[in-house]
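Following: one structure in C-alpha coordinates, then a few remarks.
Protein chains get the first letters and strands the later ones, always in sequence-line order, with residue 1 at the start of each.
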Number of protein chains: 2
Amino acid sequence: VNSLSIGIFDSGLGGLTVMNAVAKLLPHENIIYLGDTANLPYGSKSKEAILHHCKENSLFLQSLGVKLIIIACHTASIASYKQLGNELRVPVINMITPSLALLESVPKENHIAILGTSKTISSGIYQKMISEQFPSCKLTSIACPLFVPIVEEGLACHPIAKVVAQNYLSPLKKEKVDTLLLGCTHYPILKETIQEILPFASNIIDPSYSCAKQAKKTLEERNLLNKKNNKPIYRFFVSDNPERFKSLAKGLLYYPINLVSLANPSLLKKS
Amino acid sequence: VNSLSIGIFDSGLGGLTVMNAVAKLLPHENIIYLGDTANLPYGSKSKEAILHHCKENSLFLQSLGVKLIIIACHTASIASYKQLGNELRVPVINMITPSLALLESVPKENHIAILGTSKTISSGIYQKMISEQFPSCKLTSIACPLFVPIVEEGLACHPIAKVVAQNYLSPLKKEKVDTLLLGCTHYPILKETIQEILPFASNIIDPSYSCAKQAKKTLEERNLLNKKNNKPIYRFFVSDNPERFKSLAKGLLYYPINLVSLANPSLLKKS
(Lines give C-alpha, C1' and ligand atoms only; values in the text may rest on other atoms or scores of the structure.)
Protein backbone atom coordinates (compact mmCIF):
# COMPACT_ATOMS: atom_id res chain seq x y z
CA VAL A 1 0.00 0.00 0.00
CA ASN A 2 2.78 2.46 0.92
CA SER A 3 4.16 2.57 -2.59
CA LEU A 4 0.78 3.41 -4.08
CA SER A 5 0.41 6.89 -5.56
CA ILE A 6 -1.16 10.00 -4.16
CA GLY A 7 -4.06 10.95 -6.46
CA ILE A 8 -4.64 14.63 -7.22
CA PHE A 9 -7.43 16.05 -9.34
CA ASP A 10 -8.60 19.43 -10.57
CA SER A 11 -10.65 20.71 -13.50
CA GLY A 12 -7.46 21.47 -15.40
CA LEU A 13 -4.08 23.06 -14.75
CA GLY A 14 -4.73 24.68 -11.36
CA GLY A 15 -4.08 21.56 -9.30
CA LEU A 16 -0.51 21.50 -10.62
CA THR A 17 0.30 24.20 -8.06
CA VAL A 18 -0.75 21.67 -5.40
CA MET A 19 1.16 18.88 -7.11
CA ASN A 20 4.31 21.04 -7.05
CA ALA A 21 3.91 21.54 -3.30
CA VAL A 22 3.28 17.84 -2.66
CA ALA A 23 6.25 16.80 -4.81
CA LYS A 24 8.54 19.18 -2.90
CA LEU A 25 7.38 18.15 0.57
CA LEU A 26 7.11 14.43 -0.18
CA PRO A 27 9.84 13.82 -2.75
CA HIS A 28 9.56 10.01 -2.63
CA GLU A 29 5.83 9.78 -3.20
CA ASN A 30 4.44 8.65 -6.53
CA ILE A 31 1.69 10.91 -7.85
CA ILE A 32 -1.14 10.48 -10.34
CA TYR A 33 -2.57 13.77 -11.57
CA LEU A 34 -5.95 14.02 -13.27
CA GLY A 35 -7.08 17.21 -15.01
CA ASP A 36 -10.77 17.01 -15.88
CA THR A 37 -10.29 19.19 -18.95
CA ALA A 38 -13.44 17.85 -20.63
CA ASN A 39 -15.47 19.59 -17.95
CA LEU A 40 -13.59 22.74 -17.07
CA PRO A 41 -14.32 25.28 -15.74
CA TYR A 42 -16.01 24.08 -12.55
CA GLY A 43 -16.53 27.64 -11.23
CA SER A 44 -19.77 28.33 -13.09
CA LYS A 45 -21.33 24.85 -12.93
CA SER A 46 -24.13 23.71 -10.63
CA LYS A 47 -23.24 21.95 -7.39
CA GLU A 48 -24.80 18.72 -8.72
CA ALA A 49 -22.68 18.77 -11.88
CA ILE A 50 -19.47 19.48 -9.96
CA LEU A 51 -20.22 16.71 -7.46
CA HIS A 52 -20.83 14.30 -10.32
CA HIS A 53 -17.49 15.13 -11.95
CA CYS A 54 -15.66 14.86 -8.62
CA LYS A 55 -17.07 11.38 -8.06
CA GLU A 56 -16.04 10.26 -11.54
CA ASN A 57 -12.55 11.70 -11.03
CA SER A 58 -12.17 9.97 -7.68
CA LEU A 59 -13.39 6.63 -8.98
CA PHE A 60 -10.96 6.90 -11.88
CA LEU A 61 -8.06 7.59 -9.50
CA GLN A 62 -9.14 4.76 -7.19
CA SER A 63 -9.28 2.40 -10.16
CA LEU A 64 -5.59 3.12 -10.80
CA GLY A 65 -4.76 2.42 -7.14
CA VAL A 66 -4.15 5.43 -4.92
CA LYS A 67 -3.71 5.66 -1.15
CA LEU A 68 -4.95 9.24 -0.73
CA ILE A 69 -6.91 11.69 -2.87
CA ILE A 70 -6.42 15.46 -2.92
CA ILE A 71 -9.26 17.59 -4.30
CA ALA A 72 -6.93 20.26 -5.67
CA CYS A 73 -9.68 22.76 -6.44
CA HIS A 74 -11.54 25.00 -3.98
CA THR A 75 -14.82 24.98 -5.90
CA ALA A 76 -14.74 21.18 -6.12
CA SER A 77 -13.79 20.90 -2.43
CA ILE A 78 -16.83 22.93 -1.38
CA ALA A 79 -19.15 20.88 -3.61
CA SER A 80 -17.86 17.41 -2.86
CA TYR A 81 -15.66 17.18 0.22
CA LYS A 82 -18.19 15.78 2.67
CA GLN A 83 -19.67 13.29 0.27
CA LEU A 84 -16.33 12.03 -1.07
CA GLY A 85 -15.00 11.74 2.47
CA ASN A 86 -17.93 9.46 3.32
CA GLU A 87 -17.99 7.43 0.13
CA LEU A 88 -14.36 6.76 -0.79
CA ARG A 89 -12.17 3.99 0.56
CA VAL A 90 -9.14 6.27 0.87
CA PRO A 91 -8.61 9.47 2.90
CA VAL A 92 -9.54 12.69 1.11
CA ILE A 93 -7.82 16.06 1.47
CA ASN A 94 -9.59 19.27 0.45
CA MET A 95 -8.43 22.86 -0.08
CA ILE A 96 -10.62 24.68 2.45
CA THR A 97 -9.24 23.27 5.72
CA PRO A 98 -5.59 23.99 4.76
CA SER A 99 -6.52 27.54 3.72
CA LEU A 100 -8.13 28.25 7.07
CA ALA A 101 -5.19 26.69 8.92
CA LEU A 102 -2.91 29.20 7.18
CA LEU A 103 -4.94 32.14 8.40
CA GLU A 104 -4.09 31.25 12.00
CA SER A 105 -0.69 32.88 11.54
CA VAL A 106 -2.23 36.16 10.33
CA PRO A 107 -2.31 39.12 12.78
CA LYS A 108 -5.72 39.49 14.37
CA GLU A 109 -6.62 42.95 13.08
CA ASN A 110 -5.69 42.17 9.50
CA HIS A 111 -7.75 43.07 6.46
CA ILE A 112 -8.06 39.83 4.49
CA ALA A 113 -9.24 39.64 0.89
CA ILE A 114 -10.34 36.30 -0.53
CA LEU A 115 -10.14 35.77 -4.27
CA GLY A 116 -12.07 32.87 -5.79
CA THR A 117 -14.34 31.66 -8.57
CA SER A 118 -17.94 32.90 -8.72
CA LYS A 119 -19.07 29.59 -7.25
CA THR A 120 -16.61 29.69 -4.35
CA ILE A 121 -17.32 33.31 -3.45
CA SER A 122 -21.10 33.00 -3.76
CA SER A 123 -21.07 29.86 -1.59
CA GLY A 124 -20.06 32.17 1.27
CA ILE A 125 -18.20 29.33 2.95
CA TYR A 126 -14.96 31.25 3.47
CA GLN A 127 -16.76 34.35 4.62
CA LYS A 128 -18.68 32.29 7.20
CA MET A 129 -15.68 30.34 8.48
CA ILE A 130 -13.41 33.36 8.67
CA SER A 131 -15.94 35.54 10.48
CA GLU A 132 -16.49 32.70 12.98
CA GLN A 133 -12.84 31.83 13.57
CA PHE A 134 -11.19 35.22 13.10
CA PRO A 135 -13.91 37.69 14.14
CA SER A 136 -11.56 40.70 14.48
CA CYS A 137 -10.32 40.49 10.88
CA LYS A 138 -11.84 42.71 8.24
CA LEU A 139 -12.92 40.68 5.24
CA THR A 140 -13.43 41.41 1.55
CA SER A 141 -14.24 38.79 -1.06
CA ILE A 142 -13.82 39.16 -4.80
CA ALA A 143 -14.95 36.76 -7.51
CA CYS A 144 -12.43 36.65 -10.37
CA PRO A 145 -14.27 34.46 -12.91
CA LEU A 146 -11.87 35.16 -15.79
CA PHE A 147 -8.71 34.03 -13.98
CA VAL A 148 -9.38 30.32 -14.67
CA PRO A 149 -10.03 30.82 -18.42
CA ILE A 150 -6.91 33.02 -18.60
CA VAL A 151 -4.75 30.25 -17.14
CA GLU A 152 -6.44 27.48 -19.14
CA GLU A 153 -6.08 29.43 -22.39
CA GLY A 154 -2.34 29.78 -21.71
CA LEU A 155 -2.61 33.55 -21.24
CA ALA A 156 -1.07 33.84 -17.75
CA CYS A 157 1.93 35.73 -19.14
CA HIS A 158 -0.07 37.64 -21.77
CA PRO A 159 -0.70 41.38 -21.18
CA ILE A 160 -4.40 40.54 -20.99
CA ALA A 161 -3.83 38.83 -17.64
CA LYS A 162 -2.62 42.12 -16.21
CA VAL A 163 -5.50 44.25 -17.46
CA VAL A 164 -8.02 41.74 -16.16
CA ALA A 165 -6.27 41.48 -12.78
CA GLN A 166 -6.13 45.26 -12.53
CA ASN A 167 -9.85 45.42 -13.10
CA TYR A 168 -10.61 42.88 -10.37
CA LEU A 169 -8.09 44.08 -7.83
CA SER A 170 -7.98 47.85 -8.14
CA PRO A 171 -10.86 48.25 -5.62
CA LEU A 172 -8.46 46.73 -3.07
CA LYS A 173 -5.85 49.43 -3.60
CA LYS A 174 -7.67 52.02 -1.51
CA GLU A 175 -8.53 49.57 1.22
CA LYS A 176 -4.97 48.66 2.16
CA VAL A 177 -5.50 44.94 2.25
CA ASP A 178 -2.81 43.15 4.26
CA THR A 179 -3.49 39.53 3.39
CA LEU A 180 -4.67 38.03 0.14
CA LEU A 181 -5.97 34.47 0.20
CA LEU A 182 -5.73 32.79 -3.20
CA GLY A 183 -8.92 30.73 -2.97
CA CYS A 184 -8.51 28.89 -6.27
CA THR A 185 -5.61 26.62 -7.21
CA HIS A 186 -5.27 28.36 -10.57
CA TYR A 187 -4.50 31.73 -8.97
CA PRO A 188 -0.95 31.05 -7.75
CA ILE A 189 -0.08 30.82 -11.46
CA LEU A 190 -1.00 34.53 -11.61
CA LYS A 191 0.75 35.38 -8.35
CA GLU A 192 3.39 37.67 -9.85
CA THR A 193 0.78 39.64 -11.75
CA ILE A 194 -1.32 39.99 -8.60
CA GLN A 195 1.71 41.05 -6.57
CA GLU A 196 2.61 43.71 -9.09
CA ILE A 197 -0.85 45.26 -8.80
CA LEU A 198 -1.03 45.04 -5.00
CA PRO A 199 2.56 45.54 -3.81
CA PHE A 200 1.38 46.53 -0.31
CA ALA A 201 -0.33 43.18 0.26
CA SER A 202 2.48 41.83 2.39
CA ASN A 203 1.04 38.39 2.65
CA ILE A 204 -0.22 36.48 -0.38
CA ILE A 205 -1.43 33.12 0.86
CA ASP A 206 -1.20 30.16 -1.47
CA PRO A 207 -2.79 27.19 0.35
CA SER A 208 -1.01 24.55 -1.73
CA TYR A 209 1.87 24.09 0.71
CA SER A 210 -0.49 23.88 3.67
CA CYS A 211 -2.48 21.30 1.72
CA ALA A 212 0.68 19.28 1.08
CA LYS A 213 1.47 19.37 4.82
CA GLN A 214 -1.97 18.04 5.61
CA ALA A 215 -1.47 15.23 3.08
CA LYS A 216 1.84 14.38 4.73
CA LYS A 217 0.31 14.39 8.21
CA THR A 218 -2.54 12.12 7.09
CA LEU A 219 -0.12 9.64 5.50
CA GLU A 220 2.06 9.65 8.64
CA GLU A 221 -0.87 9.07 10.95
CA ARG A 222 -2.00 6.08 8.90
CA ASN A 223 1.54 4.83 8.39
CA LEU A 224 1.15 5.18 4.62
CA LEU A 225 4.30 7.12 3.68
CA ASN A 226 6.37 5.54 0.94
CA LYS A 227 9.34 3.95 2.66
CA LYS A 228 11.33 3.37 -0.51
CA ASN A 229 13.79 6.05 -1.50
CA ASN A 230 13.07 5.60 -5.19
CA LYS A 231 12.86 8.37 -7.68
CA PRO A 232 9.11 9.01 -7.74
CA ILE A 233 6.87 8.26 -10.72
CA TYR A 234 4.53 11.00 -11.85
CA ARG A 235 1.67 10.13 -14.18
CA PHE A 236 -0.67 12.61 -15.86
CA PHE A 237 -4.19 12.06 -17.18
CA VAL A 238 -6.74 14.44 -18.67
CA SER A 239 -10.29 13.88 -19.87
CA ASP A 240 -9.78 15.88 -23.09
CA ASN A 241 -6.99 17.36 -25.20
CA PRO A 242 -3.82 15.73 -23.76
CA GLU A 243 -1.43 17.53 -26.11
CA ARG A 244 -2.85 20.93 -25.22
CA PHE A 245 -2.54 20.13 -21.51
CA LYS A 246 1.03 18.94 -21.91
CA SER A 247 2.19 22.06 -23.69
CA LEU A 248 0.55 24.36 -21.12
CA ALA A 249 1.67 22.28 -18.10
CA LYS A 250 5.32 22.36 -19.16
CA GLY A 251 5.80 25.91 -17.92
CA LEU A 252 4.13 25.23 -14.59
CA LEU A 253 5.98 22.23 -13.20
CA TYR A 254 9.36 21.92 -11.51
CA TYR A 255 10.03 18.63 -13.32
CA PRO A 256 9.64 17.42 -16.88
CA ILE A 257 6.31 16.15 -18.14
CA ASN A 258 6.66 13.52 -20.81
CA LEU A 259 3.39 11.76 -21.26
CA VAL A 260 -0.16 12.94 -20.73
CA SER A 261 -2.78 10.24 -21.32
CA LEU A 262 -6.45 10.49 -22.10
CA ALA A 263 -8.37 9.39 -19.01
CA ASN A 264 -11.08 7.62 -20.99
CA PRO A 265 -13.89 9.25 -19.05
CA SER A 266 -17.48 8.27 -19.55
CA LEU A 267 -17.74 11.09 -22.09
CA LEU A 268 -15.43 9.58 -24.64
CA LYS A 269 -16.29 5.96 -23.97
CA LYS A 270 -19.83 6.56 -25.13
CA SER A 271 -19.17 8.26 -28.47
CA VAL B 1 -44.68 18.21 -39.68
CA ASN B 2 -44.99 21.92 -40.54
CA SER B 3 -45.95 22.91 -37.02
CA LEU B 4 -42.91 21.16 -35.53
CA SER B 5 -40.26 23.40 -34.00
CA ILE B 6 -36.95 24.60 -35.35
CA GLY B 7 -34.21 23.26 -33.06
CA ILE B 8 -31.27 25.52 -32.26
CA PHE B 9 -28.28 24.58 -30.13
CA ASP B 10 -25.11 26.21 -28.86
CA SER B 11 -22.75 25.68 -25.93
CA GLY B 12 -24.55 28.40 -23.99
CA LEU B 13 -25.90 31.89 -24.60
CA GLY B 14 -24.30 32.67 -27.97
CA GLY B 15 -26.91 30.90 -30.08
CA LEU B 16 -29.54 33.27 -28.72
CA THR B 17 -28.26 35.84 -31.25
CA VAL B 18 -29.22 33.32 -33.95
CA MET B 19 -32.54 32.59 -32.27
CA ASN B 20 -33.34 36.32 -32.28
CA ALA B 21 -32.69 36.49 -36.01
CA VAL B 22 -34.78 33.37 -36.71
CA ALA B 23 -37.65 34.61 -34.54
CA LYS B 24 -37.66 37.94 -36.41
CA LEU B 25 -37.50 36.47 -39.90
CA LEU B 26 -39.88 33.57 -39.21
CA PRO B 27 -42.31 34.96 -36.64
CA HIS B 28 -44.73 32.02 -36.83
CA GLU B 29 -42.19 29.28 -36.29
CA ASN B 30 -41.97 27.45 -32.97
CA ILE B 31 -38.43 27.17 -31.64
CA ILE B 32 -36.69 24.87 -29.18
CA TYR B 33 -33.38 26.25 -27.90
CA LEU B 34 -30.77 24.06 -26.23
CA GLY B 35 -27.77 25.58 -24.43
CA ASP B 36 -25.22 22.87 -23.59
CA THR B 37 -24.09 24.74 -20.49
CA ALA B 38 -22.75 21.57 -18.85
CA ASN B 39 -20.06 21.47 -21.51
CA LEU B 40 -19.23 25.06 -22.34
CA PRO B 41 -16.95 26.42 -23.62
CA TYR B 42 -16.53 24.43 -26.84
CA GLY B 43 -13.71 26.67 -28.10
CA SER B 44 -10.90 24.91 -26.27
CA LYS B 45 -12.15 21.31 -26.48
CA SER B 46 -10.89 18.58 -28.83
CA LYS B 47 -12.74 18.00 -32.08
CA GLU B 48 -13.84 14.56 -30.82
CA ALA B 49 -15.35 16.00 -27.65
CA ILE B 50 -17.19 18.76 -29.54
CA LEU B 51 -18.53 16.28 -32.08
CA HIS B 52 -19.77 14.06 -29.26
CA HIS B 53 -21.63 16.95 -27.61
CA CYS B 54 -23.13 18.06 -30.93
CA LYS B 55 -24.50 14.57 -31.54
CA GLU B 56 -26.03 14.42 -28.08
CA ASN B 57 -27.56 17.88 -28.54
CA SER B 58 -29.03 16.94 -31.93
CA LEU B 59 -30.46 13.66 -30.67
CA PHE B 60 -32.04 15.49 -27.76
CA LEU B 61 -33.66 18.02 -30.11
CA GLN B 62 -34.81 15.26 -32.46
CA SER B 63 -36.34 13.38 -29.55
CA LEU B 64 -38.54 16.44 -28.87
CA GLY B 65 -39.61 16.59 -32.51
CA VAL B 66 -37.95 19.22 -34.70
CA LYS B 67 -38.10 19.74 -38.46
CA LEU B 68 -34.72 21.50 -38.82
CA ILE B 69 -31.62 21.89 -36.66
CA ILE B 70 -29.39 24.96 -36.55
CA ILE B 71 -25.87 24.51 -35.16
CA ALA B 72 -25.73 28.03 -33.73
CA CYS B 73 -22.00 27.93 -32.94
CA HIS B 74 -19.12 28.31 -35.38
CA THR B 75 -16.76 26.01 -33.47
CA ALA B 76 -19.44 23.31 -33.32
CA SER B 77 -20.29 23.82 -37.00
CA ILE B 78 -16.70 23.21 -38.03
CA ALA B 79 -16.42 20.10 -35.86
CA SER B 80 -19.74 18.48 -36.65
CA TYR B 81 -21.48 19.88 -39.71
CA LYS B 82 -20.59 17.17 -42.21
CA GLN B 83 -21.26 14.31 -39.84
CA LEU B 84 -24.55 15.66 -38.51
CA GLY B 85 -25.68 16.44 -42.05
CA ASN B 86 -25.13 12.78 -42.94
CA GLU B 87 -26.51 11.21 -39.78
CA LEU B 88 -29.61 13.21 -38.87
CA ARG B 89 -33.10 12.74 -40.26
CA VAL B 90 -33.73 16.49 -40.49
CA PRO B 91 -31.89 19.19 -42.48
CA VAL B 92 -29.00 20.85 -40.64
CA ILE B 93 -27.93 24.50 -40.93
CA ASN B 94 -24.43 25.56 -39.88
CA MET B 95 -22.80 28.96 -39.29
CA ILE B 96 -19.94 28.81 -41.82
CA THR B 97 -21.90 28.78 -45.08
CA PRO B 98 -24.06 31.82 -44.11
CA SER B 99 -20.95 33.73 -43.00
CA LEU B 100 -19.28 33.19 -46.36
CA ALA B 101 -22.47 34.11 -48.21
CA LEU B 102 -22.41 37.48 -46.43
CA LEU B 103 -18.89 38.21 -47.61
CA GLU B 104 -20.09 38.21 -51.22
CA SER B 105 -21.44 41.72 -50.74
CA VAL B 106 -18.08 43.02 -49.48
CA PRO B 107 -15.96 45.15 -51.89
CA LYS B 108 -13.20 43.11 -53.50
CA GLU B 109 -10.18 44.98 -52.15
CA ASN B 110 -11.45 44.98 -48.59
CA HIS B 111 -9.34 44.18 -45.54
CA ILE B 112 -11.35 41.59 -43.63
CA ALA B 113 -10.66 40.57 -40.03
CA ILE B 114 -12.17 37.39 -38.67
CA LEU B 115 -12.71 37.07 -34.93
CA GLY B 116 -13.32 33.62 -33.47
CA THR B 117 -12.52 31.14 -30.72
CA SER B 118 -9.07 29.56 -30.57
CA LYS B 119 -10.51 26.41 -32.10
CA THR B 120 -12.22 28.21 -34.99
CA ILE B 121 -9.20 30.35 -35.83
CA SER B 122 -6.68 27.52 -35.56
CA SER B 123 -8.85 25.29 -37.77
CA GLY B 124 -7.96 27.70 -40.59
CA ILE B 125 -11.26 26.96 -42.30
CA TYR B 126 -12.29 30.60 -42.77
CA GLN B 127 -8.82 31.63 -43.87
CA LYS B 128 -8.83 28.85 -46.49
CA MET B 129 -12.35 29.51 -47.77
CA ILE B 130 -11.92 33.28 -47.94
CA SER B 131 -8.57 33.14 -49.71
CA GLU B 132 -10.11 30.75 -52.26
CA GLN B 133 -13.35 32.64 -52.84
CA PHE B 134 -12.21 36.22 -52.32
CA PRO B 135 -8.54 36.16 -53.35
CA SER B 136 -8.17 39.95 -53.61
CA CYS B 137 -9.23 40.60 -50.01
CA LYS B 138 -6.62 41.12 -47.35
CA LEU B 139 -7.25 38.85 -44.40
CA THR B 140 -6.40 38.99 -40.68
CA SER B 141 -7.62 36.48 -38.12
CA ILE B 142 -7.69 37.00 -34.38
CA ALA B 143 -8.55 34.43 -31.70
CA CYS B 144 -10.46 36.04 -28.83
CA PRO B 145 -10.66 33.16 -26.34
CA LEU B 146 -11.93 35.27 -23.43
CA PHE B 147 -14.99 36.65 -25.23
CA VAL B 148 -17.06 33.51 -24.61
CA PRO B 149 -16.29 33.36 -20.86
CA ILE B 150 -17.01 37.10 -20.63
CA VAL B 151 -20.49 36.59 -22.11
CA GLU B 152 -21.17 33.39 -20.17
CA GLU B 153 -20.11 35.01 -16.89
CA GLY B 154 -22.58 37.83 -17.53
CA LEU B 155 -19.78 40.39 -17.95
CA ALA B 156 -20.67 41.72 -21.42
CA CYS B 157 -21.55 45.15 -19.97
CA HIS B 158 -18.79 45.10 -17.33
CA PRO B 159 -15.77 47.38 -17.88
CA ILE B 160 -13.66 44.22 -18.11
CA ALA B 161 -15.24 43.44 -21.49
CA LYS B 162 -13.84 46.67 -22.86
CA VAL B 163 -10.29 46.21 -21.60
CA VAL B 164 -10.19 42.67 -22.95
CA ALA B 165 -11.61 43.75 -26.32
CA GLN B 166 -9.11 46.58 -26.50
CA ASN B 167 -6.31 44.15 -25.97
CA TYR B 168 -7.50 41.80 -28.72
CA LEU B 169 -8.49 44.46 -31.24
CA SER B 170 -5.95 47.25 -30.86
CA PRO B 171 -3.58 45.59 -33.40
CA LEU B 172 -6.35 46.21 -35.96
CA LYS B 173 -6.39 49.95 -35.36
CA LYS B 174 -3.26 50.58 -37.42
CA GLU B 175 -4.32 48.27 -40.18
CA LYS B 176 -7.52 50.07 -41.12
CA VAL B 177 -9.69 47.01 -41.27
CA ASP B 178 -12.87 47.59 -43.31
CA THR B 179 -14.88 44.51 -42.50
CA LEU B 180 -15.07 42.56 -39.27
CA LEU B 181 -16.59 39.08 -39.39
CA LEU B 182 -17.95 37.98 -36.01
CA GLY B 183 -17.04 34.29 -36.30
CA CYS B 184 -18.63 33.19 -33.03
CA THR B 185 -22.30 33.52 -32.11
CA HIS B 186 -21.37 34.98 -28.71
CA TYR B 187 -19.60 37.96 -30.25
CA PRO B 188 -22.64 39.95 -31.46
CA ILE B 189 -23.44 40.33 -27.76
CA LEU B 190 -20.22 42.36 -27.56
CA LYS B 191 -20.88 44.25 -30.80
CA GLU B 192 -21.22 47.71 -29.24
CA THR B 193 -17.98 47.29 -27.32
CA ILE B 194 -16.20 46.16 -30.48
CA GLN B 195 -17.65 49.03 -32.48
CA GLU B 196 -16.48 51.54 -29.91
CA ILE B 197 -12.92 50.28 -30.19
CA LEU B 198 -12.91 50.08 -34.01
CA PRO B 199 -15.16 52.93 -35.17
CA PHE B 200 -13.60 52.88 -38.67
CA ALA B 201 -14.66 49.27 -39.30
CA SER B 202 -17.62 50.25 -41.43
CA ASN B 203 -18.93 46.78 -41.75
CA ILE B 204 -19.36 44.49 -38.75
CA ILE B 205 -20.79 41.24 -40.04
CA ASP B 206 -23.02 39.21 -37.74
CA PRO B 207 -23.92 36.00 -39.62
CA SER B 208 -27.03 35.29 -37.57
CA TYR B 209 -29.42 36.98 -40.00
CA SER B 210 -27.84 35.23 -42.97
CA CYS B 211 -28.19 31.97 -41.07
CA ALA B 212 -31.88 32.67 -40.44
CA LYS B 213 -32.35 33.35 -44.17
CA GLN B 214 -30.78 30.02 -44.99
CA ALA B 215 -33.08 28.29 -42.52
CA LYS B 216 -36.07 29.98 -44.18
CA LYS B 217 -34.93 28.97 -47.65
CA THR B 218 -34.44 25.35 -46.58
CA LEU B 219 -37.91 25.20 -45.01
CA GLU B 220 -39.45 26.77 -48.13
CA GLU B 221 -37.73 24.33 -50.46
CA ARG B 222 -38.99 21.39 -48.46
CA ASN B 223 -42.43 22.90 -47.96
CA LEU B 224 -41.93 22.85 -44.21
CA LEU B 225 -42.86 26.39 -43.20
CA ASN B 226 -45.48 26.63 -40.48
CA LYS B 227 -48.71 27.59 -42.19
CA LYS B 228 -50.56 28.47 -39.02
CA ASN B 229 -50.49 32.09 -37.98
CA ASN B 230 -50.34 31.23 -34.31
CA LYS B 231 -48.24 33.04 -31.77
CA PRO B 232 -45.10 30.91 -31.73
CA ILE B 233 -44.03 28.78 -28.78
CA TYR B 234 -40.42 29.13 -27.63
CA ARG B 235 -38.97 26.49 -25.33
CA PHE B 236 -35.58 26.65 -23.63
CA PHE B 237 -33.41 23.82 -22.34
CA VAL B 238 -29.94 23.75 -20.83
CA SER B 239 -27.76 20.88 -19.67
CA ASP B 240 -26.77 22.62 -16.41
CA ASN B 241 -27.79 25.59 -14.26
CA PRO B 242 -31.20 26.62 -15.71
CA GLU B 243 -31.69 29.53 -13.30
CA ARG B 244 -28.34 31.02 -14.16
CA PHE B 245 -29.08 30.74 -17.88
CA LYS B 246 -32.48 32.31 -17.47
CA SER B 247 -31.18 35.35 -15.63
CA LEU B 248 -28.40 35.91 -18.19
CA ALA B 249 -30.62 35.24 -21.22
CA LYS B 250 -33.22 37.78 -20.15
CA GLY B 251 -31.13 40.70 -21.32
CA LEU B 252 -30.35 39.11 -24.68
CA LEU B 253 -33.76 38.24 -26.10
CA TYR B 254 -36.42 40.38 -27.77
CA TYR B 255 -39.17 38.45 -26.01
CA PRO B 256 -39.74 37.24 -22.47
CA ILE B 257 -38.21 33.99 -21.26
CA ASN B 258 -40.31 32.31 -18.62
CA LEU B 259 -39.15 28.77 -18.22
CA VAL B 260 -35.75 27.18 -18.75
CA SER B 261 -35.72 23.40 -18.21
CA LEU B 262 -32.88 21.05 -17.45
CA ALA B 263 -32.23 18.96 -20.57
CA ASN B 264 -31.53 15.79 -18.60
CA PRO B 265 -28.34 15.06 -20.51
CA SER B 266 -26.43 11.85 -20.06
CA LEU B 267 -24.30 13.64 -17.49
CA LEU B 268 -26.99 14.11 -14.92
CA LYS B 269 -28.86 10.91 -15.62
CA LYS B 270 -25.88 8.90 -14.46
CA SER B 271 -25.19 10.55 -11.13
Side-chain angles (χ1 to χ4, degrees), chain A residues 12 37-56 59 80 83 117-119 122 143-155 158-168 170 238-245 248 262 265-271, chain B residues 12 37-56 59 80 83 117-119 122 143-155 158-168 170 238-245 248 262 265-271:
Chain A
T37 50
N39 297 304
L40 72 83
Y42 284 171
S44 52
K45 288 195 164 54
S46 67
K47 196 185 165 185
E48 295 71 32
I50 300 168
L51 180 59
H52 171 86
H53 297 311
C54 291
K55 280 187 193 176
E56 296 262 302
L59 293 176
S80 74
Q83 203 152 343
T117 65
S118 303
K119 196 87 192 162
S122 70
C144 307
L146 294 183
F147 278 178
V148 169
I150 282 173
V151 169
E152 294 292 339
E153 293 286 349
L155 300 171
H158 190 280
I160 217 159
K162 200 172 168 186
V163 296
V164 170
Q166 249 157 355
N167 194 287
Y168 285 138
S170 57
V238 291
S239 48
D240 193 25
N241 257 338
E243 282 310 310
R244 183 183 158 92
F245 182 89
L248 290 171
L262 197 61
S266 45
L267 165 73
L268 297 173
K269 264 185 276 174
K270 282 185 304 172
S271 65
Chain B
T37 49
N39 297 304
L40 71 85
Y42 284 172
S44 52
K45 289 196 164 51
S46 67
K47 197 186 164 182
E48 295 72 32
I50 299 168
L51 181 59
H52 170 85
H53 297 312
C54 291
K55 281 189 193 174
E56 297 260 304
L59 294 176
S80 74
Q83 203 152 341
T117 65
S118 303
K119 196 87 192 165
S122 70
C144 307
L146 293 184
F147 278 178
V148 169
I150 282 173
V151 170
E152 294 292 340
E153 293 285 350
L155 300 171
H158 191 279
I160 217 159
K162 199 172 169 186
V163 297
V164 170
Q166 249 157 355
N167 194 288
Y168 285 138
S170 56
V238 292
S239 48
D240 192 25
N241 256 341
E243 283 310 310
R244 183 183 158 93
F245 182 89
L248 291 170
L262 198 61
S266 45
L267 164 73
L268 296 173
K269 265 186 276 176
K270 282 184 306 172
S271 65

Write down the atom of B:Lys45, the atom of A:Ala38, and the distance for their closest heavy-atom approach.
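Minimum heavy-atom contact is CE-O, 3.0 Å.
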
Going through the distances and angles, do B:Val163 and A:Ile160 end up as a side-chain contact (heavy atoms from CB on, under 4.5 Å)?
CA-CA 8 Å; B:Val163 297; A:Ile160 217 159; over 6 Å; no

Hey, mind stepping through B:Asn241 and A:Ser46 against side-chain hydrogen bond (donor to acceptor under 3.5 Å, both in side chains) and telling me if it holds?
CA-CA 5 Å; B:Asn241 256 341; A:Ser46 67; 4.8 Å; no

Side chain, backbone, both or neither of B:Ile150 within contact of chain A (heavy atoms, under 4.5 Å):
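Interface part for B:Ile150: both.
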
How many angstroms lie between atom [atom1] of [X] and atom [atom2] of [Y], to the nearest 0.5 angstrom?
X	Y	atom1	atom2	answer
B:Arg244	A:Ser118	CZ	OG	6.0 Å
B:Lys162	A:Asn167	NZ	CG	12.5 Å
B:Ile50	A:Asp240	CD1	CG	8.0 Å

Run B:Glu152 and A:Ser44 through side-chain contact (heavy atoms from CB on, under 4.5 Å) and show every step you take.
CA-CA 9 Å; B:Glu152 294 292 340; A:Ser44 52; over 6 Å; no

